[in-house]
Number of protein chains: 2
Amino acid sequence: MIKIDIANALMQTLPVSKATALQVVDLLTERMKKALLDGDRIEIRGFGVFEPRPRKRGLGRNIKTGQSVEIPKGKSIRFKPGKDLRDIDVE
Amino acid sequence: MIKIDIANALMQTLPVSKATALQVVDLLTERMKKALLDGDRIEIRGFGVFEPRPRKRGLGRNIKTGQSVEIPKGKSIRFKPGKDLRDIDVE
DNA sequence: GCCTCCATGATCAAGATCGATATCGCCAAC
DNA sequence: GTTGGCGATATCGATCTTGATCATGGAGGC
């Protein structure tokens, strides 16, 4: 599933054009990105929680050189699946 | 940021009512949930990728008893932040 | 609809992080 | 205001992450 699929799903349910649907998807992702970059966590009950958290790790590995490289900085965005997504069970 | 905030963001940009905005958010999350439960991965360039992956780990821990409990089965939904979200760097 | 562009995936190694279970409080959702 | 999903906690091992590069494909342009 890619952006277009989501837009199509939106079109199938609401009376919007594909262009508008794409705008919606793009807008929402952009807003979410901004919020996450701002350090704000996004919590959607029943879906999941996006949580920016500081990365404490400071060591990585470079293939080509094989040397340990220090992980410079950073946060990671962690997505914690909500109840509905944790409940998944296949075969 | 919670669902209402996302709906508000949508309202501020597109000419939709709050009720419609909420419908949109709810619809999209639901569709994404279904896709993920279906084993489909969701890839949005510049935002991130939701990928259902089988959990290979088989060990957990029970607080009250302190005993190792086998992690039954299931998948986890992994969210891999896209380029824009990985680029974050605070102080 | 097809082509082009650039982001994404996989890889190797080492070390840190996550996950699951259970309970209570809190806040998201209705 | 009510309901119930979610956070935190603890332990221990497996998974993930980070970096660079090539190939694939998401996404946008014509």
Side-chain angles (χ1 to χ4, degrees), chain A residues 1-8 18-19 21-23 25-26 29-30 33 35 40-89, chain B residues 1-8 18-19 21-27 29-30 33 35 40-89:
Chain A
M1 172 178 273
I2 57 180
K3 192 186 293 184
I4 304 172
D5 297 311
I6 302 178
N8 282 326
K18 177 181 271 187
L22 284 173
Q23 281 182 45
V25 177
D26 203 48
T29 53
E30 191 178 353
K33 271 196 301 186
D40 201 356
R41 77 176 220 173
I42 304 177
E43 179 169 347
I44 307 294
R45 285 293 172 96
F47 180 66
V49 180
F50 296 88
E51 185 178 22
R53 65 192 180 86
R55 196 186 313 119
K56 300 161 195 167
R57 279 180 277 174
L59 174 62
R61 189 83 172 187
N62 191 326
I63 287 189
K64 59 177 184 180
T65 60
Q67 66 183 357
S68 300
V69 293
E70 57 174 303
I71 296 179
K73 62 203 169 177
K75 294 183 198 167
S76 292
I77 305 294
R78 181 197 173 199
F79 172 69
K80 183 182 299 188
K83 184 187 169 226
D84 295 348
L85 287 179
R86 281 179 310 201
D87 193 31
I88 56 181
D89 167 69
Chain B
M1 172 178 272
I2 57 181
K3 191 185 292 185
I4 305 172
D5 296 311
I6 302 178
N8 281 328
K18 176 181 272 187
L22 283 172
Q23 281 182 47
V24 170
V25 178
D26 201 49
L27 173 62
T29 54
E30 191 178 353
K33 271 196 303 186
D40 201 356
R41 76 177 221 173
I42 304 177
E43 180 169 347
I44 306 295
R45 286 294 173 97
F47 181 67
V49 179
F50 295 88
E51 184 177 22
R53 64 190 179 86
R55 198 184 311 120
K56 300 160 196 168
R57 278 182 272 178
L59 175 61
R61 190 80 173 187
N62 190 326
I63 288 189
K64 60 177 184 182
T65 61
Q67 66 183 358
S68 299
V69 293
E70 56 174 305
I71 296 176
K73 60 206 169 168
K75 294 184 201 169
S76 293
I77 305 294
R78 180 197 173 201
F79 172 70
K80 182 182 299 188
K83 183 187 169 223
D84 295 349
L85 288 179
R86 281 179 312 202
D87 195 30
I88 56 180
D89 167 68

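Naming convention: chains lettered A, B, ... in sequence-line order (proteins, then strands); numbering from 1 in each chain.
Out of C:dC18, C:dT8, D:dC6, the shortest distance to the side chain of A:R53 is found at C:dC18. Of all nucleotides listed (D:dA27, C:dC18, D:dC16), C:dC18 comes nearest to the side chain of A:R78. Checking D:dG25, D:dG7, C:dG9 against every side-chain atom of B:R45, the shortest atom distance belongs to D:dG25. Listed candidates were C:dA29, C:dT8, D:dA27. Nearest to the side chain of B:I2 is C:dA29.
Between A:E43 atom CD and C:dC26 atom P there is a gap of 15 Å when expressed in whole angstrom units. Remark: C1' of D:dT15 and CD1 of B:I77 are 16 Å apart, rounded to the nearest angstrom. Atom NZ of B:K33 and atom C1' of D:dG5 are 12 Å apart (whole Å). For the pair A:E51 CD and C:dG19 P, the computed distance is 11 Å after rounding to whole Å. A:D5 has its CG atom 9 Å from the P atom of D:dA27, to the nearest Å. Atom CG in B:N8 sits roughly 14 Å away from atom C1' in C:dA29 (whole-Å rounding). Between B:F79 atom CZ and C:dT17 atom P there is a gap of 20 Å when expressed in whole angstrom units. The CG-P distance, from A:L85 to C:dG19, rounds to 13 Å in whole Å.
An OP1 or OP2 oxygen of C:dG9 is reached within less than 4.0 angstrom by a side-chain nitrogen or oxygen of B:K80. A:S76 has a side-chain polar atom (N or O) that falls below the 4.0 Å cut-off from OP1 or OP2 of D:dT18.
Side-chain contact between B:I6 and A:I42: present, with at least one pair of heavy atoms (C-beta onward) separated by less than 4.5 Å. Side-chain atoms of A:F79 and A:L85, non-hydrogen and from C-beta on, do get closer than 4.5 Å to each other.
Ranked by how close their nearest DNA chain D nucleotide is to the 5' end, A:I4 and B:P81 are led by B:P81. Along DNA chain D, the nucleotide closest to A:I44 and the one closest to A:K3 are compared, and the more 5′ of them pairs with A:I44.
Here the shortest heavy-atom pairing between A:I44 and B:T29 reads CG2-CG2, 4.2 Å. Residues A:A21 and A:A7 share a closest heavy-atom pair of CB-O, 3.5 Å. Taking both residues in full, the closest heavy atoms of B:P81 and A:I77 are given as CG-O, 3.6 Å, listed atom of the first, atom of the second, then distance.
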